[in-house]
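Heads up: the structure comes next, in structure tokens.
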2 protein chains.
Amino acid sequence: MEIKAIKTRIFRENEDLTSFILKYIKKLSENSILVVTSKIISLSEGRTVPFQNKKQKIALIKKESDFAIKTKLVWLTIKDGMVMASAGIDESNAYGKLILLPQNSFHSAELIRRNLKKIFKIKNLGVLITDSRIFPLRAGVVGVALGYAGFKGLRNYVGKKDIFGRVLKMTRTDIADSLATTTVLCMGEGKEQQPLALIANAPVEFIEKSNKKELKINPKEDLYLPLFGSILKKWKR
Amino acid sequence: MEIKAIKTRIFRENEDLTSFILKYIKKLSENSILVVTSKIISLSEGRTVPFQNKKQKIALIKKESDFAIKTKLVWLTIKDGMVMASAGIDESNAYGKLILLPQNSFHSAELIRRNLKKIFKIKNLGVLITDSRIFPLRAGVVGVALGYAGFKGLRNYVGKKDIFGRVLKMTRTDIADSLATTTVLCMGEGKEQQPLALIANAPVEFIEKSNKKELKINPKEDLYLPLFGSILKKWKR
């Protein structure tokens, strides 16, 4: 598998995303995956709000998330089934503006995919929209898949056999996040200015319609349930 | 960045790991990272226990972890500063044996690194030992770094400037886990039999002595603190 981050100029708000991508990507091979950082998706969709004050930001955090509680460190939120700080609202890299996450990253990924498939006349193309998260008890951020299109984001080993011929009962692999992490590392978080990346030879299955629910888990089946327990109780009220 | 998973025969318990690696890796370039799945590290270190019964396994889970509580689904444990099920003890791929995690994956990584550096006469070499974990509220597993040597596992952007010239205050990137995820995806979880992988052109800084504490976080500074709160209280007792 090969990952190549692509250096670009700064993306401007409300700019046409496809034209921007075509400036830097002149060739797209069959079975490749285009990775796009969520920030330029948000900017292309005008998902920004001029920053006024803290109170406004808190109201936005609540509005943008399914669940939000203030902790000592941050506003801890659950949005689109993911745990994150401040509903993913970002103050960095913006002209005094707050950047919200894309409205629907799966939909945005599908739109990009349809456009580029037509332009490059290819059949199999994946599009992956990334952001950053942290693992519990770990320092530093890792990439995460906000949305994707054109490939299966979850690989199911259930029913397959292991190297001793025994049936594997439990194993599923979170492909979308696995691809997002290393690619976000290659794209960088600081002043690298690499909002795009291309992945070749990824061990994924290309499909026409990705299932946007496949990575979501019933909180009751989550390993972390005892940790989330108190929060889920509040959530249901 | 390029990732190449390496197909091997089945690794046998107590086999010499360096000899095994040398069977499949005939050349190691300067600045590459060798990835090794924790399972064959454990097997090479004889970290297995014949499975007797459930009670024995539960006792082992408690012994191997810093914290363990039984939940509806699994034994939720904290081991080496990471949240995992069953202290990482694995029943699959073993000859009726339980496979424990390596005793000290950072140390194991350093030993492999020293050996291979000498054999291949190279200066910069990373070694990364991987396992699998799940993200909160996400289906499927992703790779994780259990231990590593020869490179910085945490990249610090604190004090650096963003693309608008403003100083970044908070951003750190968890490099080790970011590399582990995609590589574990390439290595596979089922019958692929690819316990080794090579990474070339990774955006990492090679160093002589990795800091095994750099990815650990003070639980009090963790985003997930409100979730872990109840557990930490029990832990301190």
Side-chain angles (χ1 to χ4, degrees), chain A residues 1-3 10 69 71-74 76 78 81-83 85 92-93 134-143 154-155 157 160-164 166 168 171-175 177-179 181-182 184-186 189-191 193 203 214-217 219 221-228 230-231, chain B residues 1-3 10 69 71-74 76 78 81-83 85 92-93 134-143 154-155 157 160-164 166 168 171-175 177-179 181-182 184-186 189-191 193 203 214-217 219 221-228 230-231:
Chain A
M1 193 176 109
E2 296 87 45
I3 303 172
I10 293 176
I69 48 167
T71 72
K72 274 181 196 168
L73 304 161
V74 292
L76 181 74
I78 297 180
M82 286 178 274
V83 181
S92 64
N93 284 15
I134 56 171
F135 258 124
L137 297 180
R138 283 292 227 199
V141 300
V142 292
L154 188 70
R155 182 198 289 160
Y157 283 98
K160 295 197 176 160
K161 287 177 180 175
D162 73 4
I163 60 176
F164 294 92
R166 295 175 310 176
L168 290 163
T171 308
R172 295 186 299 181
T173 301
D174 173 354
I175 291 183
D177 287 325
S178 294
L179 292 173
T181 42
T182 312
V184 167
L185 173 67
C186 291
E189 291 277 332
K191 59 173 181 180
Q193 232 171 282
E214 64 192 342
L215 286 187
K216 286 196 180 173
I217 200 169
E221 288 170 13
D222 195 316
L223 170 65
Y224 295 85
L225 179 63
L227 310 177
F228 285 97
S230 56
I231 280 191
Chain B
M1 192 176 109
E2 297 87 45
I3 303 172
I10 293 175
I69 48 168
T71 72
K72 274 181 195 169
L73 304 161
V74 293
L76 181 74
I78 298 180
M82 286 178 274
V83 181
S92 64
N93 285 14
I134 55 171
F135 259 125
L137 297 181
R138 284 292 227 198
V141 300
V142 292
L154 188 69
R155 182 197 290 160
Y157 283 99
K160 294 197 177 160
K161 287 177 180 174
D162 73 3
I163 59 176
F164 294 92
R166 294 176 310 176
L168 289 162
T171 309
R172 296 186 299 180
T173 301
D174 173 353
I175 291 183
D177 287 325
S178 294
L179 292 173
T181 43
T182 311
V184 167
L185 173 67
C186 292
E189 291 277 332
K191 59 173 180 180
Q193 232 170 281
E214 64 191 342
L215 287 187
K216 286 196 180 175
I217 200 168
E221 288 170 13
D222 195 316
L223 170 65
Y224 295 85
L225 179 63
L227 310 177
F228 284 97
S230 56
I231 280 191

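Proteins come first, then strands; the chains are lettered A, B, ... in the order of their sequence lines, and each starts at number 1.
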Practice prompt. Could you tell me which portion of I3(B) (side chain, backbone, both or neither) has an atom closer than 4.5 angstrom to a non-hydrogen atom of chain A?
Written response: both
Practice prompt. For T182(B), enumerate each residue passing the side-chain hydrogen bond (donor to acceptor under 3.5 Å, both in side chains) test, keeping only those at least two apart in sequence or located in another chain.
Written response: T182(A)
Worksheet item: Rounded to the nearest 0.5 Å, how far apart are CD of Q193(B) and CD1 of I10(B)?
Response: 4.5 Å
Worksheet entry | Spacing of CG belonging to D177(A) relative to CZ belonging to R138(B), to within rounding of 0.5 Å | 4.0 Å
Worksheet, complete the sentence: Okay, L215(A) and chain B: the region with an atom under 4.5 Å from a heavy atom over there is both
Fill in: Residue among G143(A), G81(A), A85(A), S178(A) with most heavy-atom pairs under 4.5 Å to chain B
S178(A)
Worksheet item: If every non-hydrogen atom of P203(A) is compared with every non-hydrogen atom of C186(B), which pair is closest and at what distance?
Response: CG-CA, 4.1 Å
